[in-house]
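Data first, discussion second: the structure below is written as structure tokens.
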Amino acid sequence: MKRQSTNGKTKKGTGGYSNITVKKETATRFRSYSKKFNKSHSEVLDGMLSYFKENHLDPFGEGTKIILDSIKKLEVKMMKKFDRIIAIIKNMEKTSIRPTYEMVLILYEAYVKDGRKPRSEPVQIQEERMDFLEPRNTVPKVEHDRILHEFKEYKKHCNEMLNSVEKVEPMMGKPYLRLNMGIGDFEKLKYHLR
């Protein structure tokens with residue numbers, strides 16, 4: 001494409017410019033319309049003409065009718081698809097959801113009318129498969145050793161507390177037990193037992 005320089009500005013185009021006489025109102029409308037695209041008036045007009053030509057549209061004749069007809073056809077197709085989806089949902093409701101709901105309702109009503117508590121039947125345990133390679137409900141050795149160590153510490157601490165209990169027999173009243181423990185030890189015990 002050649003570029004033509006006018007007043008120090010470079011403009012795109014294959015040649016010069018030509019004037020077209022249009023009404024003032026039309027020119028104002030076109031200027032405000034082309035500002036939306038941030039393009040020159042020539043580029044907007046050229047784009048509009050290309051659009052009409054490529055889509056075989058006639059702005060004064062059948063062009064708008066073709067667009068409206070295609071929109072109506074799409075609307076009819078979409079409505080048919082919606083009708084199919086609604087039919088599928090209704091079918092699911094009739095064949096699976098509703099019968100299941102009614103069976104559960106019947107069972108619940110029978111249970112409520114019976115009024116008795118259900119008998120507890122012995123649970124039948126199935127034979128275990130001997131899959132030795134699959135992990136079972138086990139604790140890793142490190143975790144086991146840590147838990148065992150904590151238990152031994154807890155047991156030792158409980159024995160120390162029991163050894164610090166002494167029997168008190170007052171002159172009047174019933175005998176009672178007293179725990180000889182400092183306040184700091186008591187607070188530490190409360191913290192550990194949380």
Side-chain angles (χ1 to χ4, degrees), residues 32-39 43-44 47 51 67-194:
S32 65
Y33 182 72
S34 62
K35 280 182 185 177
K36 291 180 185 177
F37 301 104
N38 203 14
K39 304 270 184 188
E43 290 172 322
V44 173
Y51 177 77
I67 293 174
L68 290 175
D69 288 342
S70 65
I71 289 173
K72 285 180 183 175
K73 286 178 186 176
L74 283 173
E75 186 178 353
V76 169
K77 284 182 184 178
M78 292 300 293
M79 292 308 291
K80 285 181 182 177
K81 289 185 180 183
F82 285 142
D83 289 341
R84 287 182 192 154
I85 291 171
I86 290 170
I88 290 170
I89 292 172
K90 284 183 178 178
N91 187 25
M92 284 174 55
E93 187 176 302
K94 285 179 188 174
T95 58
S96 59
I97 297 171
R98 194 73 183 163
T100 305
Y101 169 75
E102 289 175 359
M103 284 191 296
V104 170
L105 189 63
I106 290 168
L107 289 173
Y108 178 72
E109 287 174 354
Y111 175 74
V112 170
K113 284 179 184 176
D114 190 15
R116 292 181 289 160
K117 291 186 178 178
R119 288 181 283 159
S120 58
E121 297 178 9
V123 179
Q124 295 178 354
I125 301 173
Q126 296 178 349
E127 292 182 26
E128 283 191 32
R129 291 175 53 199
M130 302 304 281
D131 296 332
F132 293 107
L133 297 177
E134 292 183 17
R136 299 283 179 191
N137 293 333
T138 59
V139 180
K141 176 132 177 66
V142 175
E143 181 101 9
H144 174 72
D145 291 342
R146 185 185 60 77
I147 292 171
L148 195 60
H149 177 70
E150 285 178 2
F151 177 70
K152 286 180 182 177
E153 289 292 321
Y154 179 74
K155 189 175 176 183
K156 179 182 165 189
H157 190 66
C158 288
N159 282 329
E160 288 174 1
M161 277 190 355
L162 287 174
N163 289 334
S164 65
V165 173
E166 66 180 44
K167 184 177 180 182
V168 177
E169 294 183 10
M171 289 177 54
M172 294 179 71
K174 295 181 182 179
Y176 60 90
L177 298 175
R178 179 171 52 195
L179 180 62
N180 292 328
M181 179 185 287
I183 294 174
D185 292 334
F186 178 71
E187 292 296 326
K188 188 192 275 187
L189 177 66
K190 275 173 54 178
Y191 176 77
H192 284 295
L193 290 177
R194 285 184 186 173

TODO: Drop me the distance from Leu105's CG to Thr100's OG1, to the nearest 0.5 angstrom.
DONE: 12.5 Å
Task: Residue Met181 excluded, over 12 heavy atoms near CE under 6.0 Å - done: yes
TODO: Please assess Val142 against Arg146 for the test side chain to side chain contact (heavy atoms under 4.5 Å, CB included), listing each intermediate value before the final yes or no.
DONE: CA-CA 6 Å; Val142 175; Arg146 185 185 60 77; 5.7 Å; no
Task: Distance (rounded to the nearest 0.5 Å) between Asp185 CG and Glu187 CD - done: 10.5 Å
TODO: Give a yes or no on whether Ile183 atom CD1 has more than 12 heavy-atom contacts from other residues, nucleotides or ligands under 6.0 Å away.
DONE: no
What donor-acceptor contacts under 3.5 angstrom involve side-chain atoms of residues 152-171, with partners at least two apart or in another chain?
residue : atom : partner : partner atom : Å
Asn159  : ND2  : Lys155  : O            : 3.4
Asn163  : ND2  : Asn159  : O            : 3.2
Ser164  : OG   : Met161  : O            : 2.8
Glu166  : OE1  : Asn180  : ND2          : 2.8
Glu166  : OE2  : Arg178  : NH2          : 2.8

Task: More than 12 heavy atoms of other groups within 6.0 Å of Tyr51 OH - done: no
- [ ] May I have all residue pairs that pass salt bridge (charged side-chain N to carboxylate O under 4.0 Å, His left out) and include part of residues 67-84, sequence neighbours excluded?
- [x] none
